Amino acid sequence: MQVSNILGKRSGLLGKRCLSSLYDQYQKEALSNPTGFWGKHAENLVWDKKWDKVVDTSNPPFTKWFSGGWMNMCYNCVDRHVDSGNGEKSALIWDSPVTNSPIRHMSYNELQDKVSKLARCLVKMGVEPGDRVLIYMPMILEGAVAMLACARIGAIHNVVFGGFASKELSVRIDASKPRVIIAGSNGVMPGKTVQFQPIIDKAMEMSTFKPQYTIYKNRSIETSAVVNGKTVLDFDELLDSVSTGHDCVSLPADHPLYLLYTSGTTGTPKAVQRNAADYATVLLYTMKNEFDLNPDEVWFSATDYGWVVGHSYCVYAPLLSRNPSIIFEGKPVGTPDASTIHRILSEHDVRSAFASPSIMRILCREEPEGTAGDAYPRPNFGTMFLAGERCDIGTLLWVRDTLKLNPVDHYWQTESGTPILMPPVALGEKVDCNGSAGKSSVGNNILIVDDQGNVLPDGEFGQIVAKLPLRPGFFPTLFQNDSAYAEKYFTDFPGYYNTFDAGYRDSEGNVFVMARTDDIINVGAVRLSTGAVEEAIAHHELISECAVVGQDDPLMGERPLGFVVMTPGSELTSEITKEVIKLVRDHIGPHTGLQELLQVERLPKTISQKILRNMMVAIVNNKPYKVSPTIDDPTVVGEIVECVESWREGLSN
Ligand code: AMP
């Protein structure tokens, strides 16, 4: 791993160690006695049959939790609260400034009714435990209903972000082979409506596998029809067609709850699998002990169902711990302005919230003086948790000092399902807004290692890894691909999970996450594979080769920048750039943020013809770099530097 060579040692970060805090006690117990610690927390759920063994580590890198136990996630999220007399309480609160709709509260009673009826309909369509259901929804309550209906009957849901275009959707259809698709008829953006049906129809044309049914939550279109030989049904009519719901199906602890496809390093998405029981245990634990919430306090996670935070902290965790969860269909600005987030916090008396640093940067750019919130008092607000990308200290301090929202940066991944690093604020420790994402969350043992897997001393820069066993909720495997799981994440550093992030740790155990070490970049807290963007660009007939790298961006964190080699005789024009940007939008979606291409004669490569992307990233971002000794032709470096410098000059003129 070259990062350590480039950036060298960090020092002077050592602070005072606070001994024997509540965090230290919990962490010691969770690491030395995971059976006792997680067994105790699992008791807070309702089990149909108690487990035989809390944790089984006999087949590394695979960890099995709660073997022999049986339960149902949906029961624990919904029916449990109805059965305990809380059925009238708000489970979900829909706040949709983009559609100007009235705010809608959905109680546990209503949620149970809708979820169980949809579950009944799915069973009638032949959906069985283990079958996949693909969900392609905007941020409407039916998205959560669909997820929970799957969980109720043991169908494995695969939510696909509504911003993905047909090609990415078709890839996920072929990969997960869903029996049914549940979709919204359209998504609403400020000033425009995106029809989902044509996107789905096109995806179905492209895919080899054809799901049998598509159910639309009708916001505008004709349904109850047959399109391309497949049955298209209306969500509401379907629910009205059944008089009784379906009960929760008891499932083994390791039954998969959902799949979530993340960008893979080759451009092919891989399916992170999540099992229900250990996930439920850790989610419930985190709401009190990491996000500091008591039941009935309102929680707001400003994200989308399509991402992991949408699964964990819009739906499952708040429902498990009975925190009304705000489902937000809107944007930080433009729906109608920068006051929206403040209005939500005030109007719903939100106790704590979750957002990405990009949202905060957008608010800061729009309204740096931060007065948009003045009209919205929030006497009970606790903490603004930020994650998804590195939060620069300037933004953290702005959120703290101008918005007065007590920001807490923490770090996690789709793979982990819950925080990996977190300042233990809920266990009584203070937060420094110093750029660290916190300590190992309880039950995770995060270390910094060198290229050979040796644990590095505090302050030294290296690869961030997690020692096995990983805490509950971490993905137990990649769906139907144990070998790729073991190979991708556990071979570089045997005994450790490779996060593919690099950073360093201070003497108190705070970890600073600094750089990604594979081809993933983070655009507005959304993980994007530069390989996937390259694949899309390569479809242009006049481009013979390309390399996409992450360019630091003050607003989005990073943005993709494309270097292209044109076919002989052709030149890059603004027209071609537009065509390429459209290609990328059509293949992946509008959220990639690709805006620019730079034409070069050649790409820098090793003797074995691997593109030296790390060096290009450093050149683009004006950082120090070393020319690899295995470079094929060192003179290419000068060409790249020259190209980047004249581009930069163009930008500043
Ligand atoms: P995703 O799986 O899409 O949530 O992306 C996970 C990646 O986002 C991580 O591997 C990091 O590269 C990045 N990330 C998430 N949270 C943080 C954070 N607090 N600081 C730095 N990077 C972060």
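Residue numbers run from 1 in the order of the sequence given. Whatever order the structure lists them in is the order used to number ligands and atoms, beginning at 1. Just so it is clear, the values below take in all heavy atoms, side chains as well, and ignore hydrogens, waters and symmetry mates. Just so it is clear, the structure is predicted and the values come from calculations on it, not from any experiment.
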### Message
Taking Lys623's backbone N and O only, do any of them form a donor-acceptor pair with Asn621's side chain (distance below 3.5 Å, no angle check)?
### Response
no
### ring pair (Phe, Tyr, Trp, His ring centres under 6.0 Å) between Phe475 and Tyr489, intermediate numbers included
CA-CA 11 Å; Phe475 67 146; Tyr489 295 97; 4.8 Å; yes
### Task
Could you give me the CA-CA distance, side-chain angles and deciding distance for Glu429 and Lys439, then say whether salt bridge (charged side-chain N to carboxylate O under 4.0 Å, His left out) is met?
CA-CA 11 Å; Glu429 287 195 23; Lys439 301 180 179 184; 2.9 Å; yes
### salt bridge (charged side-chain N to carboxylate O under 4.0 Å, His left out) between Glu535 and Lys167, intermediate numbers included
CA-CA 12 Å; Glu535 254 179 49; Lys167 177 75 180 79; over 6 Å; no
### Task
Would you please indicate yes or no on a ring centroid separation below 6.0 angstrom for Tyr313 and Phe385?
no
Atom pairs and distances, ligand 1 N/O vs protein N/O under 3.5 Å:
from     : atom 1 : to     : atom 2 : distance (Å)
ligand 1 : 2 (O)  : Thr414 : N      : 2.7
ligand 1 : 2 (O)  : Thr414 : OG1    : 2.6
ligand 1 : 2 (O)  : Arg527 : NE     : 3.1
ligand 1 : 2 (O)  : Arg527 : NH2    : 2.6
ligand 1 : 3 (O)  : Arg527 : NE     : 3.4
ligand 1 : 5 (O)  : Arg527 : NE     : 3.4
ligand 1 : 8 (O)  : Gly388 : O      : 3.3
ligand 1 : 8 (O)  : Asn522 : ND2    : 2.9
ligand 1 : 10 (O) : Gln413 : NE2    : 2.8
ligand 1 : 10 (O) : Asp501 : OD2    : 2.5
ligand 1 : 10 (O) : Arg516 : NH1    : 2.5
ligand 1 : 12 (O) : Asp501 : OD1    : 2.7
ligand 1 : 12 (O) : Asp501 : OD2    : 3.3
ligand 1 : 16 (N) : Gly388 : N      : 3.1
ligand 1 : 16 (N) : Glu389 : N      : 3.4
ligand 1 : 19 (N) : Asp409 : OD1    : 2.8
ligand 1 : 19 (N) : His410 : O      : 2.6
ligand 1 : 20 (N) : Glu389 : O      : 3.4
ligand 1 : 22 (N) : Arg390 : N      : 3.4

### Task
Measure from the ring center of Phe164 to the ring center of Tyr261 and say whether it is less than 6.0 Å.
no
